[in-house]
Trainee: 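Here's a structure for you.
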Amino acid sequence: MAYAVDFKDVSVVGLESSPVPEALAGLRANEARYFKNKYDHVFTVEPADEATSTVDWVHRILKEERGLVIGSRPLEATEFEVDGIRMAYVFYESGLSINVMYALDDGGKRAVGFKLSDGMEIPEELASTFKFARQKSKLAGTIRGSYFVIKNTY
């Protein structure tokens, strides 16, 4: 069942099995606030098993671009379009969030972003390849993030 993320009253709905549910909920709420403020878009997620095409698309990009396979179980996902950009998010049980920003116009920005919830370790599959910068968030505490540019067409 789809869930519109409320960034004023942060809830762990759908994320209860995570070892860091409050931090992951804060990270999800942080993304919801960003899209509401910047694009007036309501950030709505659904269980990953109901969003298999989104999860599969993100996993395909990770595998084909960098040979990455995420070991954690996906809990929720969302996909939408804003300002000519296809956005996809997958939230994982470990506390990891992966987003794909994919400009629909040729030559536009296309990248994969990783965000780590406060309190989680860097996943093994990312630790040796990516350096993570820190940012503070009122909703999510300290978020560590990294990214890479997508080179191919998906």
Side-chain angles (χ1 to χ4, degrees), residues 1-63 65-66 68-83 85-102 109-148 150:
M1 179 162 174
Y3 169 72
V5 178
D6 184 349
F7 55 87
K8 293 178 181 157
D9 183 24
V10 179
S11 170
V12 299
V13 168
L15 308 174
E16 299 89 350
S17 66
S18 172
V20 290
E22 291 83 11
L24 184 55
L27 181 58
R28 180 179 67 181
N30 187 66
E31 301 301 323
R33 180 179 58 196
Y34 172 80
F35 283 101
K36 182 64 177 170
N37 290 342
K38 182 155 176 116
Y39 300 105
D40 197 30
H41 172 79
V42 176
F43 196 84
T44 304
V45 294
E46 58 187 336
D49 59 358
E50 294 176 18
T52 55
S53 64
T54 301
V55 173
D56 291 348
W57 185 63
V58 170
H59 286 176
R60 177 178 166 225
I61 292 170
L62 293 173
K63 180 78 170 155
E65 290 284 323
R66 293 295 181 99
L68 292 171
V69 176
I70 303 302
S72 183
R73 180 171 72 98
L75 296 178
E76 292 183 333
T78 186
E79 185 177 338
F80 53 92
E81 186 181 322
V82 290
D83 274 4
I85 301 169
R86 180 180 176 188
M87 297 294 306
Y89 277 81
V90 181
F91 296 92
Y92 294 86
E93 192 168 43
S94 65
L96 173 67
S97 167
I98 297 178
N99 70 286
V100 172
M101 176 185 80
Y102 194 88
K109 292 182 180 179
R110 296 175 176 170
V112 173
F114 303 100
K115 289 186 179 174
L116 308 177
S117 294
D118 207 359
M120 75 171 285
E121 295 297 320
I122 298 174
E124 227 179 88
E125 56 271 27
L126 305 178
S128 64
T129 312
F130 297 95
K131 296 207 181 300
F132 287 83
R134 294 178 187 273
Q135 74 181 65
K136 290 282 189 186
S137 162
K138 286 182 181 178
L139 292 170
T142 300
I143 300 170
R144 290 166 294 157
S146 192
Y147 76 98
F148 69 83
I150 297 172

Trainee: Testing the basics here: between Arg28 and Tyr3, what is the closest heavy-atom pair and its distance to 0.1 Å?
Mentor: NH2-CE2, 3.6 Å
Trainee: From Ile61 CD1 over to Ile98 CD1, what is the distance, rounded to the nearest 0.5 angstrom?
Mentor: 10.5 Å
Trainee: Going by salt bridge (Lys or Arg N to Asp or Glu O under 4.0 Å), name the residues that satisfy it together with Glu125, two or more places apart in sequence or in a different chain.
Mentor: none
Trainee: Quick one, Lys115 and Ser137 - any side-chain contact, counting heavy atoms below 4.5 Å?
Mentor: no
Trainee: Which heavy atom of Phe91 sits nearest to which heavy atom of Val45, and what is that distance?
Mentor: CE1-CG1, 4.1 Å
Trainee: Given side chains that start at C-beta, do those of Asp6 and Ser11 come closer than 4.5 Å, heavy atoms only?
Mentor: no
Trainee: Do Arg66 and Thr129 make a side-chain contact, defined as non-hydrogen atoms from C-beta onward lying under 4.5 Å apart?
Mentor: yes
Trainee: State whether the side chain of Glu31 and the backbone N or O of Ala29 hold a donor-acceptor pair below 3.5 Å, judged by distance alone.
Mentor: no
Trainee: Could you pull out the closest heavy-atom pair between Thr142 and Asp118, with the gap in Å?
Mentor: N-OD2, 3.3 Å
Trainee: Test your reading of the model: is there a side-chain donor-acceptor pair from Glu79 to the backbone of Arg86, 3.5 Å cut-off?
Mentor: no
Trainee: Closest approach of Ser146 and Lys131, non-hydrogen atoms and distance?
Mentor: OG-O, 2.9 Å
Trainee: Output the distance between atom CD (Glu65) and atom CZ (Phe148), rounded to the nearest 0.5 Å.
Mentor: 5.5 Å
Trainee: Taking the ring of Phe43 and the ring of Phe7, is the distance between their centroids below 6.0 Å?
Mentor: no
Trainee: Phe35 versus Met87: any side-chain heavy-atom pair under 4.5 Å?
Mentor: yes
Trainee: Check salt bridge (Lys or Arg N to Asp or Glu O under 4.0 Å) between Arg110 and all other residues, then give those that pass, not counting sequence neighbours.
Mentor: Asp106
Trainee: Is there a side-chain contact between Ser18 and Met120, using heavy atoms and a 4.5 Å cut-off?
Mentor: no
Trainee: Side chain of Thr54, backbone of Thr78: donor and acceptor closer than 3.5 Å?
Mentor: no
Trainee: For Lys36, I'd like to know if atom NZ has over 12 heavy atoms of other residues, nucleotides or ligands within 6.0 Å.
Mentor: yes
Trainee: Do Leu96 and Leu116 come close enough that some side-chain heavy atom pair is under 4.5 Å?
Mentor: yes
Trainee: Between CG of Asp49 and CG of Leu75, what distance do you get to the nearest 0.5 Å?
Mentor: 10.0 Å
Trainee: Relative to each other, are the rings of Tyr102 and Trp57 parallel, tilted or perpendicular (30° and 60° limits)?
Mentor: perpendicular
Trainee: Is the side chain of Ser72 donor-acceptor paired with the backbone N or O of Ser94 at a distance under 3.5 Å, no angle test?
Mentor: yes
Trainee: Would you indicate whether the side-chain heavy atoms of Val58 and Ile70 approach each other to under 4.5 Å?
Mentor: no
Trainee: Classify the ring geometry of Tyr34 against Tyr39: parallel below 30°, tilted from 30° to 60°, perpendicular beyond 60°.
Mentor: perpendicular
Trainee: Can you name the nearest heavy-atom pair linking Pro21 to Leu15, along with the distance?
Mentor: CB-O, 3.5 Å
Trainee: On a heavy-atom basis, which atom in Leu24 and which in Ser117 lie closest, and how many Å separate them?
Mentor: CA-OG, 3.3 Å
